[in-house]
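Below is one structure, written out as structure tokens; comments come after it.
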Amino acid sequence: MNTMIYESKAEMGAMAAVTGSQCLHNALMETGNAAMIVATGASQFEMLDSLSSVAVDWPSVTGFHLDEYIGLSIEHPASFRKYLRERFVEKLSLPLKAFHYLNGEIDPEKECRRVGDILASTSIDVVFVGIGENGHLAFNDPPADFETNEPYLVVDLDDACRKQQLCEGWFPDFESVPRQAISMSIQQVMKSQTVICTVPDERKADAVRNAVQGPVTSNVPASILQTHPDCHLFLDIAAASLL
């Protein structure tokens with residue numbers, strides 16, 4: 001794991017975007033096409049803002065959605081479809097070849113199969129992820145399933161994860177936070193050629209330490225990134241404070 005620490009969130013996000021976009025550029029030069037997976041949440045604000053302004057041949061790039069709440073309208077402020085559409089897809093200078101959103105408003109098992117079938121036939125060049133306060137990767141809360149090869153899963157969200165979503169301001173109260181989500185599986189994330197993991201803020205410092213310096217364990221799902229051959233971890237000083 002290549003760990004880099006920056007003075008500010010803005011610098012952290014910009015450098016993560018530069019590294020990720022270079023991966024896309026390399027794939028485009030080699031094959032003429034590229035594919036990526038995009039995360040959401042407060043940790044990705046600066047990275048996506050920078051990525052959306054980088055010069056990439058976006059019409060040759062296919063995007064996939066990492067995770068989404070079940071039962072949440074696309075018009076809800078916390079909708080990850082809304083987030084990705086407004087903060088990334090619609091900000092690009094040219095449209096993507098395709099972006100495969102996860103729709104949590106319909107049968108989630110069918111939606112897992114629908115997008116999973118597309119994803120399973122696609123080689124992913126780069127995945128952009130974060131790390132949750134509870135150490136989760138995507139919405140795979142501890143103890144995560146490290147074994148399944150299904151591209152997407154229906155998962156239960158633990159209280160720590162739901163409290164994080166509340167404290168980040170996405171929901172008015174704890175009971176409003178969904179209890180389930182569609183999440184990309186751990187093994188599917190690990191199939192990506194390159195992992196760009198962006199984690200700001202002191203509240204993530206304990207999870208970062210456990211993921212980087214602790215044992216690889218399903219109780220800290222992001223710890224599995226230690227075993228990826230090309231993982232780049234971008235931190236601000238606060239998130240790295242316990243390393």
Side-chain angles (χ1 to χ4, degrees), residues 1-26 36-56 58 61 63 66-67 77-78 80 83-84 86-93 125-139 160-161 163-170 189 192-216 220-243:
M1 184 182 291
N2 181 23
T3 302
M4 290 152 287
I5 303 169
Y6 296 94
E7 291 286 338
S8 68
K9 291 183 187 181
E11 187 181 7
M12 171 204 67
M15 295 309 298
V18 167
T19 304
S21 64
Q22 186 61 54
C23 295
L24 294 173
H25 177 72
N26 292 344
M36 64 180 182
I37 299 162
V38 189
T40 55
S43 68
Q44 305 300 301
F45 286 164
E46 292 80 14
M47 188 282 295
L48 285 177
D49 186 55
S50 293
L51 185 63
S52 64
S53 62
V54 172
V56 174
W58 295 116
V61 177
L66 186 71
D67 47 26
F80 289 154
Y83 175 116
L84 288 170
E86 295 178 352
R87 291 183 175 271
F88 181 62
V89 175
E90 291 182 350
K91 291 179 66 177
L92 298 176
S93 57
D125 298 294
V126 57
V127 57
F128 295 93
V129 297
I131 295 175
E133 291 179 33
N134 64 355
H136 73 201
L137 185 60
F139 263 145
C161 174
K163 287 176 182 176
Q164 177 184 327
Q165 310 312 312
L166 173 64
C167 291
E168 288 183 357
W170 301 108
V189 170
S192 299
Q193 187 73 24
T194 298
V195 177
I196 303 294
C197 185
T198 308
V199 191
D201 299 328
E202 186 176 4
R203 61 193 172 86
K204 300 285 187 75
D206 189 58
V208 166
R209 177 182 59 186
N210 292 337
V212 173
Q213 297 180 340
V216 176
V220 184
S223 65
I224 200 169
L225 295 177
Q226 295 178 36
T227 69
H228 194 281
D230 192 31
C231 178
H232 304 268
L233 178 62
F234 294 83
L235 307 172
D236 67 358
I237 289 176
S241 60
L242 296 181
L243 295 181

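Keep in mind that what you see is a predicted model, and the values were worked out from it rather than measured.
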Could you list the donor-acceptor pairs under 3.5 angstrom formed by side chains in residues 47-56, with sequence neighbours left out?
from, atom 1, to, atom 2, distance (Å)
Asp49, OD1, Lys91, NZ, 2.9
Ser50, OG, Glu46, O, 3.3
Ser52, OG, Leu48, O, 3.2
Ser52, OG, Asp49, O, 2.9
Ser53, OG, Ser50, O, 2.9

| message | To check you understand the geometry: which heavy-atom pair defines the closest contact between Leu84 and Ala39, and what is its length? | response | CD2-O, 3.8 Å
| Straight-line distance of Met15 CE to Thr19 OG1, nearest 0.5 Å | 5.5 Å
| request: Side-chain contact test, heavy atoms from C-beta onward, threshold under 4.5 Å: evaluate it for Ile5 versus Phe234 and give yes or no. | output: no
| If you look only at pairs with a residue in residues 231-243, which of them pass as a salt bridge (charged side-chain N to carboxylate O under 4.0 Å, His left out), with sequence neighbours excluded? | none
| remark: Taken to the nearest 0.5 Å, the spacing of Ile196 CD1 from Cys231 SG works out to 8.0 Å
| query | Excluding sequence neighbours, so at least two apart, what forms side chain to side chain donor-acceptor pair (under 3.5 Å) with Gln213? | reply | none
| Sequence neighbours excluded, which residues qualify as salt bridge (Lys or Arg N to Asp or Glu O under 4.0 Å) partners of Glu90? | Arg85
| field | Pairwise side-chain contact, Val129 with Cys197, heavy-atom cut-off 4.5 Å (strictly under) | value | yes
| said: Looking at Gln193, I want to see if its CD is surrounded by more than 12 non-hydrogen atoms of other residues, nucleotides or ligands under 6.0 Å. | reply: no
| said: Around atom CD of Glu86, are there more than 12 heavy atoms from other residues, nucleotides or ligands closer than 6.0 Å? | reply: yes
| Any donor-acceptor pair under 3.5 Å from Tyr83 side chain to Gly41 backbone | yes
| task | Compare every heavy atom of Gln44 with every heavy atom of Thr198, then report the nearest pair and how far apart it is. | result | O-NE2, 3.3 Å
| task | Evaluate the side-chain proximity of Phe88 to Phe128: yes if any heavy-atom separation is below 4.5 Å, no if none is. | result | no
| task | Could you check Val18 against Gln22 for side-chain contact (heavy atoms from CB on, under 4.5 Å), going step by step and ending with a plain yes or no? | result | CA-CA 6 Å; Val18 167; Gln22 186 61 54; 5.6 Å; no
| request: Please tell me if the side chains of Val212 and Leu243 come closer than 4.5 Å, counting only heavy atoms from C-beta onward. | output: yes
| query | Are any side-chain N or O atoms of Gln226 and backbone N or O atoms of Gly214, one a donor and one an acceptor, separated by less than 3.5 Å? | reply | yes
| Does any pair with a residue in residues 203-216 pass salt bridge (charged side-chain N to carboxylate O under 4.0 Å, His left out), and if so which ones, sequence neighbours excluded? | Glu133-Arg203, Glu168-Arg203, Asp201-Arg203, Asp206-Arg209
| request: In sequence, state the C-alpha distance, the side-chain angles, and the governing distance for Val195 and Leu225, and then conclude on side-chain contact (heavy atoms from CB on, under 4.5 Å). | output: CA-CA 8 Å; Val195 177; Leu225 295 177; 4.0 Å; yes
| query | Closest approach of Pro200 and Ser43, non-hydrogen atoms and distance? | reply | CD-CB, 3.5 Å
| message | When you compare the side chain of Ser192 with that of Ile37, does any pair of heavy atoms fall below 4.5 Å? | response | yes
| field | Heavy-atom side-chain contact between Lys9 and Phe45 under 4.5 Å | value | no
| remark: Heavy atoms of Ile131 and Ala222 approach each other most closely as CG1-CB, 3.8 Å
| Contacts of Asn2 that satisfy side chain to side chain donor-acceptor pair (under 3.5 Å) - sequence neighbours left out | His232
| query | Considering all heavy atoms of both residues, which atom of Cys23 and which atom of Val126 are nearest to each other, and what is their separation? | reply | CB-CB, 4.2 Å
| Is there a side-chain contact between Leu235 and Tyr6, using heavy atoms and a 4.5 Å cut-off? | no
| query | Could you give the distance from CE (Met4) to CG (Leu233), rounded to the nearest 0.5 Å? | reply | 7.0 Å
| said: Which heavy atom of Val189 sits nearest to which heavy atom of Val127, and what is that distance? | reply: O-CG1, 4.0 Å
| task | Quick one: pull up CG in Asp67 and CZ in Phe139 and give me the separation to the nearest 0.5 Å. | result | 5.0 Å
| Hey, mind stepping through Asn134 and Cys161 against side-chain contact (heavy atoms from CB on, under 4.5 Å) and telling me if it holds? | CA-CA 7 Å; Asn134 64 355; Cys161 174; 3.8 Å; yes
| Are side-chain heavy atoms of Trp58 and Ser93 found at a separation under 4.5 Å? | yes
